[in-house]
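Here the structure is laid out as structure tokens; the discussion comes afterwards.
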Amino acid sequence: MSAHATAQPMTASKSGPLKGTASVPGDKSISHRALIFGAMAVGETKITGLLEGQDVLDTAKAMRAFGATVVQHGPGAWSVNGVGVGGFQEPADVIDCGNSGTGVRLIMGTMATTPMTATFTGDASLRKRPMGRVTDPLSLFGTQAYGRKGGRLPMTVVGAANPVPVRYALPVASAQVKSAVLLAGLNAPGQTVVIEREPTRDHSERMLLGFGAQLTVEKTSEGNVITLTGQPELRPQTVAVPRDPSSAAFPVCAALVVEGSDIFVPGVSQNLTRNGLYLTLVEMGADIEFQNPRTEGGEPVADLRVRFSDNMKGIEVPPERAPSMIDEYPILSVVAACSTGKTVMRGVKELRVKESDRIDAMARGLEACGVKIEEDEDTLIVHGMGAGGVPGGATCATHIDHRIAMSFLVLGMAAKAPVSVDDASPIVTSFPIFEGLMTGLGATLRAGGQ
Ligand code: S3P
């Protein structure tokens, strides 16, 4: 099922207080990787807690098309019988990755060093996004790619028959690009090296080690130097996918801005490459308690108790924090609107090439809701109106972007007048239980516009 065959407007009204437990689904980044790495291992990988969002289901389908056996046994419980590194079969049809940049970029990397041809496409959002950032480094292995103008999908990738290992310094802070190069390096002889100046999410490195790859990460003055030894035999794993901190961000931020709220959010990642939003919220004065720190599914996690915080103040978000909260700027800008003072988000131009141009989408929607913003290519500044101070009363365009949809619905829960989104259907890509989970806490959401 497509995420957005027909637009589904949705409206959020002043809500609350939000109370109860918000158990969010599995991590999207780790879910994609569990399926892909499982497909590269020899034998059966067992997965629990897999996110059954459309993005991940599209990756499962793609792994089947490349020859892996992927089976769902129950909610979140899946197995993957892998074909081994270099064992992919040529897919018989076009690979449709739907809305998922992570899916398409990681899969391109995975097939790039096996001699076969595959054609990739996606929905109207994914077809606008740049693939050159992945196909440029893949070409160093000997891979060829033929896409539309600007390196856009649909794109045909011809895997290298005799790949050579690569040394590549990332020109953008992108875990997708890093992971695509590492995945391509799996089937190249010798050592593939990726250098990242700013650390990005490290799930590929952690999971590759878990699957038995030889990989080292050295911290140097150039940044992290990641060295992978090619052509390993990956061992199947049991993967317990932890909950997604990027999904947890929505109930957490909703509780912070909806008067009287007090919620419990179990198992939120404290991985330093993912927790930038939580550091920022605490600096803004959010009332969040981090309880019971522990390790789950190989990731450091804590349970969060989050209470309405009517005294949050805008801050300058340190630009070097951006990679650790890159998906959280839309919801942060909603919290910023409900705080006092200015929240300054610099160094965020990567937001312009996400599922939508997120700087533009948030700026236009916030303005429509009566919030003053300033923006340039690399910056978003939100002028806060205080808790309960945002007028709302507008319909915001989501541009086939799940996080834009959920962010404006959270704004509607705290604004004076209801906020609608023109299309909530993309939410299924990452957080299929969003509506039920939020209404269960006490949010007022209804299908339809205003
Ligand atoms: C992801 C990396 C990030 C993030 C995306 C998931 C991943 O993208 O925005 O939602 O799983 O590697 P970039 O690598 O483009 O920053």
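All ligand and atom numbering here is 1-based and tracks the order in the structure. We number each residue from 1, following the sequence as shown.
The atoms of ligand 1 that sit less than 4.0 Å from any heavy atom of Arg201 are 1 (C), 2 (C), 4 (C), 6 (C), 7 (C), 11 (O), 12 (O). Each of the atoms 12 (O), 14 (O) of ligand 1 lies under 4.0 Å from some heavy atom of Ala175. Numbered from 1 in the order shown, with element, the atoms of ligand 1 that lie under 4.0 Å from a heavy atom of Gln176 read 1 (C), 2 (C), 5 (C), 6 (C), 7 (C), 8 (O), 12 (O), 13 (P), 14 (O), 15 (O). Each of the atoms 9 (O) of ligand 1 lies under 4.0 Å from some heavy atom of Ile326. Interface atoms of ligand 1 facing Thr102, defined by a heavy-atom separation under 4.0 Å, are 1 (C), 5 (C), 6 (C), 7 (C), 11 (O).
Ser324 and Arg274 share no donor-acceptor pair across their side chains, judged by distance under 3.5 Å alone. Asp422 and Thr398 share a donor-acceptor pair across their side chains, judged by distance under 3.5 Å alone. Between the side chains of Gln176 and Thr102, at least one donor N or O sits under 3.5 Å from an acceptor N or O. Side chains of Glu196 and Thr200: a donor on one and an acceptor on the other come within 3.5 Å. Looking at Gln72 and Glu52, their side chains do bring a donor and an acceptor atom within 3.5 Å of each other. Between the side chains of Lys28 and Ser246, no donor N or O sits under 3.5 Å from an acceptor N or O.
In terms of N/O distances under 3.5 Å, ligand 1 is not approached by Ser179. The shortest N or O to N or O distance between Asp327 and ligand 1 is below 3.5 Å.
In this structure, His203 does not count as a contact residue of ligand 1, since none of its heavy atoms falls inside 4.0 Å of the ligand. Heavy-atom distances between Lys354 and ligand 1 reach below 4.0 Å in at least one pair.
In terms of the salt bridge (charged side-chain N to carboxylate O under 4.0 Å, His left out) criterion, residue partners of Glu367 (sequence neighbours excluded) are, by chain and number, Arg364.
Of all protein heavy atoms, the one closest to atom 11 (O) of ligand 1 is Ser29 OG, 2.7 Å. Nearest to atom 12 (O) of ligand 1 among the protein's heavy atoms is Arg33 NH2, 2.7 Å.
Under a 3.5 Å cut-off, the side chain of Asp378 and the backbone N or O of Lys349 do form a donor-acceptor pair.
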